[in-house]
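One structure is given below, encoded as structure tokens.
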Amino acid sequence: MDLYEVLGLLVAATAAGWVDAVVGGGGVLLIPVLLLTFPQYPPATALGTNKIAAVMGTATAAYMYQRRTRLDRSVLVPAAVLAVPFGALGALSAASVPTSYFRPVIMALLVSVALFVAFRPSFGVQQTATVVTRRRRITAIVLAGVGIGFYDGVFGPGVGTFLIISFTTLLATQFLESAAMAKVINASSNLGALAVFAWQGNVLWAIGLGMAVGNIAGAMIGSRTAMKKGSGFVRVVLVLVVTGMVIKMGFDQFA
């Protein structure tokens with residue numbers, strides 16, 4: 001690797017860490033950079049190497065958030081525990097499930113999310129009087145830990161967005177609180193997936209650990225920015241990131 005490639009990976013990792021800390025979706029930035037930098041390796045290696053940076057970055061963001069943000073641990077702890085094995089199960093399934101199967105469905109979901117958030121200005125920004133029942137909590141645990149945890153291991157784009165929308169809808173939290181909880185689940189599913197990719201030999205450890213430095217820096221800046229500016233800022237970034245993910249996946253699917 002030459003100096004420009006190293007700098008490019010560090011910049012991409014830092015930007016991905018910032019995006020991941022605010023709303024998720026950093027892998028959409030970092031994985032294409034890895035694929036372009038190391039065309040001699042299979043896509044699974046890019047996914048596995050990205051997971052090193054993602055684990056470090058999301059864990060850092062989770063730590064930063066929990067210091068200053070209220071977290072519903074009755075949901076968060078069991079969902080995080082479930083996300084580890086189901087993230088690993090998703091990673092085991094990644095090689096046998098073509099990503100082309102996921103893209104159209106995920107694109108449709110992301111477009112729906114963007115439109116819903118754009119046309120509901122108060123959603124996730126203002127506190128609501130919704131009663132959070134036991135059924136809602138159980139649904140949030142299963143959806144986040146099992147469903148989204150598995151999806152993170154097998155494909156990944158939009159995980160942070162889906163977690164934020166799920167928590168905001170089911171637990172009546174604001175976007176900032178939902179983003180804080182999303183980081184914990186995302187770190188857990190990333191850890192499970194990383195274990196599988198490492199076992200398969202699909203991790204470039206030196207590159208991944210180097211990118212983790214940038215990802216951690218981006219996560220620290222992103223989480224501080226989100227906590228300072230609040231849920232309204234997270235809402236705007238969410239719509240912008242979702243739009244970018246839809247464009248990127250559309251290009252991959254139809255180009």
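Nothing here was measured: the structure is a model prediction, and the numbers come from that model. These values consider heavy atoms only, across backbone and side chains, with no hydrogens, waters or symmetry-generated copies.
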- Item | Hydrophobic cluster identity match, Tyr151 and Leu143, side-chain contacts under 4.5 Å | yes
- Message: Any heavy-atom pair between the side chains of Tyr63 and Val184 that's under 4.5 Å?
- Response: no
- Query: For Arg224, does its backbone N or O pair with a side-chain atom of Tyr65 as donor and acceptor, under 3.5 Å?
  - Reply: no
- By side-chain contact (heavy atoms from CB on, under 4.5 Å) - contacts of Leu35 (at least two apart): Ile31, Pro43, Ala46
- Any residue meeting side-chain contact (heavy atoms from CB on, under 4.5 Å) with Val236, in chain and number order, not counting sequence neighbours: Leu240
- Query: More than 12 foreign heavy atoms under 6.0 Å from CE of Met245: is that the case here?
  - Reply: yes
- So, the side chain of Arg136 versus the backbone of Leu171: is there a donor-acceptor pair under 3.5 Å, distance only? no
- Are Val132 and Ile185 connected in a single hydrophobic cluster, I mean Ile/Leu/Val/Met/Phe/Trp/Tyr linked by side-chain heavy atoms less than 4.5 Å apart? yes
- Does Thr49 reach the side chain of Met211, with side-chain heavy atoms less than 4.5 Å apart? yes
- Message: Working to the nearest 0.5 angstrom, can you tell me the gap between Asn186 CG and Ile148 CD1?
- Response: 10.0 Å
- Sort and list the pairs that fulfil salt bridge (Lys or Arg N to Asp or Glu O under 4.0 Å) and have at least one residue in residues 24-42, not counting sequence neighbours. none
- Cluster overlap Met220 with Ile52, hydrophobic side-chain contacts below 4.5 Å: yes
- Quick one: do Val159 and Val84 end up in the same hydrophobic cluster if we chain Ile, Leu, Val, Met, Phe, Trp and Tyr together by side-chain heavy atoms under 4.5 Å apart? no
- Task: Starting at CG of Leu71, measure out to CD of Glu177 and round the result to the nearest 0.5 Å.
- Result: 8.5 Å
- Item | salt bridge (Lys or Arg N to Asp or Glu O under 4.0 Å) contacts touching residues 198-211 (sequence neighbours left out) | none
- Contacts satisfying salt bridge (Lys or Arg N to Asp or Glu O under 4.0 Å) that involve residues 54-63 (not counting sequence neighbours) are none
- Please walk me through it: do Asn215 and Met56 pass side chain to side chain contact (heavy atoms under 4.5 Å, CB included)? CA-CA 7 Å; Asn215 209 261; Met56 300 291 189; 5.6 Å; no
- Can you name the side-chain contact (heavy atoms from CB on, under 4.5 Å) partners of Gln200, sequence neighbours left out? Leu92, Val196, Phe197, Asn202
- Verify the cluster assignment for Leu7 and Leu36: are they in a single hydrophobic cluster under the rule of side-chain heavy atoms below 4.5 Å apart? no
- Query: Is there side-chain contact between Val246 and Ile106, with at least one heavy-atom pair below 4.5 Å?
  - Reply: no
- Query: So, does Asn50 use its side chain to make a donor-acceptor pair with the main chain of Gly27 at under 3.5 Å?
  - Reply: no
- Message: Does any part of the side chain of Val75, heavy atoms only, come nearer than 4.5 Å to the side chain of Asp72, both counted from C-beta?
- Response: yes
- Say you draw a straight line from CG of Asn190 to CG of Asp20; how long is it, rounded to the nearest 0.5 Å? 7.5 Å
- Task: Indicate the atoms forming the closest heavy-atom contact of Ala16 with Gly26, along with that distance.
- Result: CB-O, 3.4 Å
In a table with atom names and distances, give each donor-acceptor pair under 3.5 Å that connects a side chain of residues 76-83 to protein atoms at least two apart or in another chain.
none

- Not counting sequence neighbours, which residues clear side-chain contact (heavy atoms from CB on, under 4.5 Å) with Arg134? List them please. Ile138
- Got a sec, which hydrophobics cluster with Tyr4, joining ILVMFWY side chains under 4.5 Å apart, including via others? none
- Could you name each residue pair satisfying salt bridge (Lys or Arg N to Asp or Glu O under 4.0 Å) that touches residues 144-168, not counting sequence neighbours? Lys51-Asp152
- Item | Point-to-point distance, once rounded to the nearest 0.5 Å, from CD1 of Ile221 to CH2 of Trp18 | 10.0 Å
- side chain to side chain donor-acceptor pair (under 3.5 Å) contacts touching residues 158-171 (sequence neighbours left out): Thr168-Ser178
- Message: For Ala21 versus Ser223, what's the shortest heavy-atom pair and its separation?
- Response: CB-N, 3.7 Å
- Say you draw a straight line from CG of Leu163 to CE of Met181; how long is it, rounded to the nearest 0.5 Å? 9.5 Å
- Is there side-chain contact between Tyr41 and Leu204, with heavy atoms separated by less than 4.5 Å? yes
- Task: Please tell me if the side chains of Leu194 and Val203 come closer than 4.5 Å, counting only heavy atoms from C-beta onward.
- Result: yes
- So CG of Leu170 and CZ of Arg137: to nearest 0.5 Å the spacing works out to 11.0 Å
- Query: Minimum heavy-atom separation for Ala144 to Phe167, with atom names?
  - Reply: CB-CZ, 3.8 Å
Only distances under 3.5 Å count here; give the side-chain donor-acceptor pairs of residues 107-121 to other protein atoms, sequence neighbours excluded, each with its distance to 0.1 Å.
{"residue": "Ser112", "atom": "OG", "partner": "Ala108", "partner atom": "O", "Å": "2.9"}

